[in-house]
Amino acid sequence: MTTQTRHITLDSTSQYELPDTRTLEQASALELLDEKGSKVVFKDLYSPHERTLVVFIRHFFCGMCEDYVRALVADLPPSLLSQASPPTILLIIGCGEPPAIAGYKQRTGCPFEIYCDPSRALYSKLGMIQDLGLGETTPQYSKSTIVGGTVKSMGNMLKAGLGVRHGGNYSQDGGEWVFEKGGELKWCRRMRNTRDHAEVTELKNVLGIEEGKQ
């Protein structure tokens, strides 16, 4: 299945806009792949839990997203999320394929479950865009300069060899979504460029976690 490029520009308001009920119902029924390549329905990942933070990253070789995941691991570890009110789990979805997950976990030290949406049907349904822009602001989570991030991404791809084909579409951006028990969507934020993940401080505020608490 080929997803066409969405020529959409998000502003500071629309990037937080919740999808309508019908769109969410359709999105919830879409299938993803786990690390072993088995199919799993999206809603089955979040509906049983008290609260779930779903982080959609870009392709599996994006150095900037790797910096973001490392920031999540450091500042929102499972031990902290489990003590939140309500207890929260974090999971990651990428637009690549399952063979890329193991290497991604190794490079980032990621303890969270990672799933794949290689068709990008879920990304599209939830209004996440394709954009290769870098934006004007360097995020706090970034540990690399623009050049350094690009070099890191290229290095990841070179090391992957033929596995680079499993990384996913390089123009696809992601976002962050918070679901509560029963599958109710409480908050979302879509990336507007390749360096526009929600800062960890914003996520902590949304989740009601005190800044500085780890």
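From a predicted model like this one, the values you see are computed outputs, not experimental measurements.
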Open item on the list: Nearest 0.5 Å, please: how far is CE in Met191 from CE in Met128?
Closed with: 10.5 Å
Task: For Ile89 against Leu45, the heavy-atom pair lying closest together - done: CD1-O, 4.1 Å
Open item on the list: Using 0.5 Å steps for rounding, measure from the CD1 atom of Ile114 to the CD1 atom of Ile101.
Closed with: 6.0 Å
Task: Side chains of Phe179 and Lys43 in contact at under 4.5 Å (non-hydrogen atoms) - done: no
Task: Heavy-atom check, side chain of Pro99 versus side chain of His166, under 4.5 Å - done: yes
Task: Side-chain heavy-atom pair Pro139, Tyr68 within 4.5 angstrom cut-off - done: no
Task: Heavy-atom check, side chain of Val55 versus side chain of Trp177, under 4.5 Å - done: no
Open item on the list: We want to know whether Arg190 and Gln15 form a side-chain donor-acceptor pair, criterion being a heavy-atom distance below 3.5 angstrom.
Closed with: no
Task: Separation of Thr194 OG1 from Leu134 CG (nearest 0.5 Å) - done: 4.5 Å
Open item on the list: Side chains of Asp173 and Gln130, heavy atoms from C-beta outward: is any pair under 4.5 Å?
Closed with: no
- [ ] Report the distance from atom SG of Cys65 to atom NE2 of His59, rounding to the nearest 0.5 Å.
- [x] 7.5 Å
Task: Pair Lys204 + Glu202, salt bridge at N-O below 4.0 Å - done: no
Open item on the list: Would you say that Cys188 contacts Val178 through its side chain, given a criterion of any heavy-atom pair below 4.5 Å between the two side chains?
Closed with: no
TODO: May I ask you to decide whether Arg70 forms a salt bridge with Asp67, counting only side-chain N to carboxylate O separations under 4.0 Å?
DONE: yes
- [ ] Please find out if less than 6.0 Å separates the ring center of Tyr115 from that of Phe56.
- [x] no
Open item on the list: Nearest 0.5 angstrom please: Asp75 CG to Glu199 CD, how far?
Closed with: 10.5 Å
- [ ] Ignoring hydrogens and angles, tell me if any N or O in the side chain of Arg51 forms a donor-acceptor pair with the backbone of Leu207 under 3.5 Å.
- [x] yes
Task: Euclidean distance, Asn169 CG relative to Tyr123 OH, rounded to 0.5 Å - done: 10.0 Å
TODO: Could you tell me whether the side chain of Gln83 and the main chain of Ser79 form a donor-acceptor pair under 3.5 Å?
DONE: yes
Open item on the list: Under a 4.0 Å threshold between the charged nitrogen and the carboxylate oxygen, would Asp196 count as salt-bridged to Arg189?
Closed with: yes
Task: Donor-acceptor pair between Glu176 and His197 side chains, under 3.5 angstrom - done: yes
Task: Connected via hydrophobic side-chain network under 4.5 Å: Leu24 and Val54 - done: yes
Open item on the list: Looking at Tyr104, is its backbone amide N or carbonyl O close enough to the side chain of Thr108 to form a donor-acceptor pair, meaning the two atoms are under 3.5 Å apart?
Closed with: yes
TODO: Kindly indicate whether the side chain of Asn193, heavy atoms from C-beta on, has any atom under 4.5 Å from the side chain of Leu132.
DONE: no
Task: Glu50 backbone acceptor or donor facing Thr52 side chain under 3.5 Å - done: no
Open item on the list: With a 3.5 Å distance limit and no angle check, can you tell me whether Tyr46 reaches the backbone of Ser28 through a side-chain donor-acceptor pair?
Closed with: no
Task: Flag, side chain of Asp117 to backbone of Cys95, donor-acceptor distance under 3.5 Å - done: no
Task: Nearest atoms (heavy-atom pairs only) where Cys116 meets Pro98 - done: SG-N, 3.5 Å
